[in-house]
Amino acid sequence: MSSSTNYDVAVIGGGHNGLAAACYLAAEGSKVIVVEALAKVGGMASSGYLIPEAPQHLVHPCALDLMSLRVHPMMPQELQLERHGFRQTEMNPGYVYLHPDGNSLVFGRSAEQTAAEIRRFSERDAAEFIDLMKLVNAFIDMAIPMMRVDPAQKNLGAKWNALKVLLKNRRLKPDIMGLIGSPAYTSIMERFEHPVTQSALCCLLGAAGPINAEATGIYFALLGFIQRFGLGRAVGGMQTLPNALAARLTELGGEIRVNAPVAEILARDGRVQGLRLGDGSTVQARAVIAAVHPKVALEMVTPGAIERRLLTRVALAPANGHGGAPVKVDVALRGQVRATRHEAQRPDKLSLRQSVLLIGTTEAVLDNFKCAARGEVSKLPYLWATAPSAVDPTQAPEGQDIAYLYPVAMPVDPREGWNAIRASVAQQVIDQTDDYLPGLKSLEIGRRMEAAPDFAARLNVPNGCVVHVDTGATRSSTMRPAYGLGGDTLPVAGLFFGGAGIHPGGGINGLPGRIAAGRVKRFLGK
């Protein structure tokens, strides 16, 4: 079987980045096709009814929160996604830390709001937090303009804006560099004295990786982002985002094929020719965007077209390289849950039902990552928990909930193997969460669990790394995914990366796809 249709661009992967790249190019007049291996578009930005015992409980098997899209809101605006059914609502409060003793700490929408929460535990910590946020805000003011642009270009405007921020805050420069260049854990412990403050920050920043590693101070950007931009959710579930992108692409004349895995990226004489699909058919294209993991993409290229040195380099790019990876447990419930013990201890009796709840302590965060690196499961609870149906009641039957449980640091390769411990780990996570959301166990209808090997198999990402390549200062800009592979061109002319494995990295924002589209536009215009 063969295809007689020629395209300007073929995009591998119908996740939100691949669809975004296709939309941008189709809007410029290019003839574009997106090929997706699975039965529907969405990738990590999908949702569906995935628990057989609970066919009306909507599950988000990967991404749920819209924080990055609020930091970088260009994609929905530029691609007119609201016209195609995508809407988001802000959560208030967004992230809330729950301490084992019943205390809680709300991360507010400003440094002052968060400091007011901290002041209930320590006046000194509150003042220290205000000083810390001066550094964090200056850093993200410099970082955001550079995150939004293609690092392979000169970007004089973005660099000038970043320089102006640096000059304005020149007296803070040594402290800013000290903060982002140090372990996040060190900065937390040296600045704050109360265990609630310490644990809240450790639980928040640990979502990005081990907080005691060098140069993880960059993780403090997360704190700045959520306070400045807040946290959102897609109304109707995350699937509405890729569905809106698909509708926009169709409106622009683009095509989408699902159930169409790629067997080979065809290359000849140093130039891309198109794709050979799993069913033997071919797609001819002048350019190919691989909106999949960079290792997976290069291994698809016609043998011999990519030198071994580069294949090895991208294969060894760290993907959950510290040995830890999240586990995902979804629980369908016949009733509703809330953090009653923690709400009762708050002086304002604030409802936390709609929030993302951070559960753990400083010791638990460190222990979870240490155990994961040894192939063990920590017995100390460190996880994020939320009920998406509390924000959007349409995601579960009336009066019921779907719970989203996210242990941050579980072993990629447990000593016993995941098949041996899967059930016991799922039960441990549910038991631990029940201490904070009472009734979770007794209200269960059904559950769904995925660990690193499940993510790897379903999403075709090494080690189940949901951000493709680990976040860090040495894997950013043109060094992402690896030296020689993060720039404007790849060894095969016309081939481009377009997923989370390139700048600026993971998150639901469409920036990698937007950057890839710009690179292809320049290539086709030569």
Side-chain angles (χ1 to χ4, degrees), residues 65 67-68 70-72 94-97 105-115 117-118 122 124-148 162 165-166 168-169 171-194 196-231 322 356 358 360 362 365-366 369 382 384 408-409 467 470-477 504-507 509:
D65 296 330
M67 183 269 288
S68 188
R70 297 171 71 85
V71 179
H72 311 290
Y95 289 145
V96 178
Y97 169 68
L105 192 157
V106 172
F107 288 98
R109 281 297 308 272
S110 69
E112 290 73 22
Q113 288 179 357
T114 307
E117 283 281 293
I118 294 173
S122 167
R124 180 185 175 280
D125 281 3
E128 194 70 49
F129 186 81
I130 294 293
D131 287 342
L132 170 68
M133 289 311 301
K134 293 176 183 177
L135 305 181
V136 173
N137 284 320
F139 170 62
I140 64 174
D141 282 341
M142 289 185 283
I144 286 175
M146 300 307 301
M147 293 176 72
R148 292 176 176 175
V165 175
L166 181 61
K168 179 182 177 181
N169 296 279
R171 293 182 180 178
L172 298 177
K173 181 182 176 182
D175 290 333
I176 295 172
M177 299 308 294
L179 178 69
I180 64 177
S182 300
Y185 173 69
T186 299
S187 295
I188 292 169
M189 300 308 291
E190 72 182 18
R191 290 173 179 271
F192 302 104
E193 62 183 8
H194 198 281
V196 169
T197 315
Q198 294 169 344
S199 296
L201 290 169
C202 287
C203 283
L204 177 67
L205 302 191
I211 56 175
N212 56 354
E214 292 298 320
T216 52
I218 195 172
Y219 298 168
F220 279 101
L222 174 62
L223 178 60
F225 290 156
I226 63 172
Q227 294 195 141
R228 185 177 301 186
F229 301 99
L231 196 64
H322 45 76
V356 177
L358 315 184
T362 297
V365 174
L366 297 177
F369 279 106
Y382 172 40
W384 293 21
V408 174
V467 294
D470 291 347
T471 303
T474 59
R475 296 288 172 173
S476 63
S477 189
N509 55 52

message: Is there a side-chain contact (heavy atoms from CB on, under 4.5 Å) between V71 and N509? Walk through the geometry before answering.
response: CA-CA 8 Å; V71 179; N509 55 52; over 6 Å; no
query: Which atoms form the tightest heavy-atom contact between S187 and L179, and what is the distance?
result: OG-CD1, 3.6 Å
field: Non-hydrogen side-chain atoms of D125 and V196 separated by less than 4.5 Å
entry: no
message: I need the N212 CG to L366 CG distance, nearest 0.5 Å.
response: 5.5 Å
field: Interatomic distance, F220 atom CZ to I180 atom CD1 [nearest 0.5 angstrom]
entry: 11.5 Å
Nearest-0.5 Å distance that lies between atom CZ in F192 and atom OG in S199: 12.5 Å
- request: Look up atom CD1 in I140 and atom CD in Q227, then write down how far apart they are to the nearest 0.5 Å.
  value: 9.0 Å
query: To the nearest 0.5 Å, how far apart are CG in L132 and OG1 in T114?
result: 11.0 Å
- prompt: Taking all non-hydrogen atoms of both residues, which atom of A208 and which atom of Y219 are closest, and how far apart?
  reply: O-OH, 3.4 Å
Heavy-atom donor-acceptor pair, R475 side chain to D470 backbone, under 3.5 Å: no
field: Side chains of P210 and T216 in contact at under 4.5 Å (non-hydrogen atoms)
entry: no
- request: Could you tell me whether the side chain of E128 and the main chain of R124 form a donor-acceptor pair under 3.5 Å?
  value: no
- prompt: Do you know which two heavy atoms are closest between A126 and A115, and how far apart they sit?
  reply: CB-O, 3.5 Å
- prompt: Is S182 reaching over with its side chain to a backbone N or O of G217, donor-acceptor style, under 3.5 angstrom?
  reply: no
field: Interatomic distance, I130 atom CD1 to S110 atom OG [nearest 0.5 angstrom]
entry: 7.5 Å
- prompt: With a 4.5 Å limit on heavy-atom distance, are the side chains of L223 and F129 in contact?
  reply: yes
- request: Compare every heavy atom of G206 with every heavy atom of V408, then report the nearest pair and how far apart it is.
  value: CG1-O, 3.4 Å
Heavy-atom closest contact (F107 atom, A200 atom, distance): CZ-O, 3.6 Å
task: List the atom of R109, the atom of Q113, and the distance in Å for their closest heavy-atom pair.
output: N-OE1, 2.7 Å
Donor-acceptor pair, side chain of S476 and main chain of A473, under 3.5 angstrom: yes
message: Does the plane of the ring in F225 sit parallel, tilted or perpendicular to the ring in H72? Use 30° and 60° as the thresholds.
response: perpendicular
query: Name the one of L166, V136, N169, V165 that satisfies side-chain contact (heavy atoms from CB on, under 4.5 Å) with D141?
result: V165
message: Has Y185 got a side-chain atom pairing as donor or acceptor with A213's backbone, closer than 3.5 angstrom?
response: no
Distance-only side-chain donor-acceptor flag, T362 / Q198, under 3.5 Å: no
M142 side chain near I176 side chain, heavy-atom distance below 4.5 Å: yes
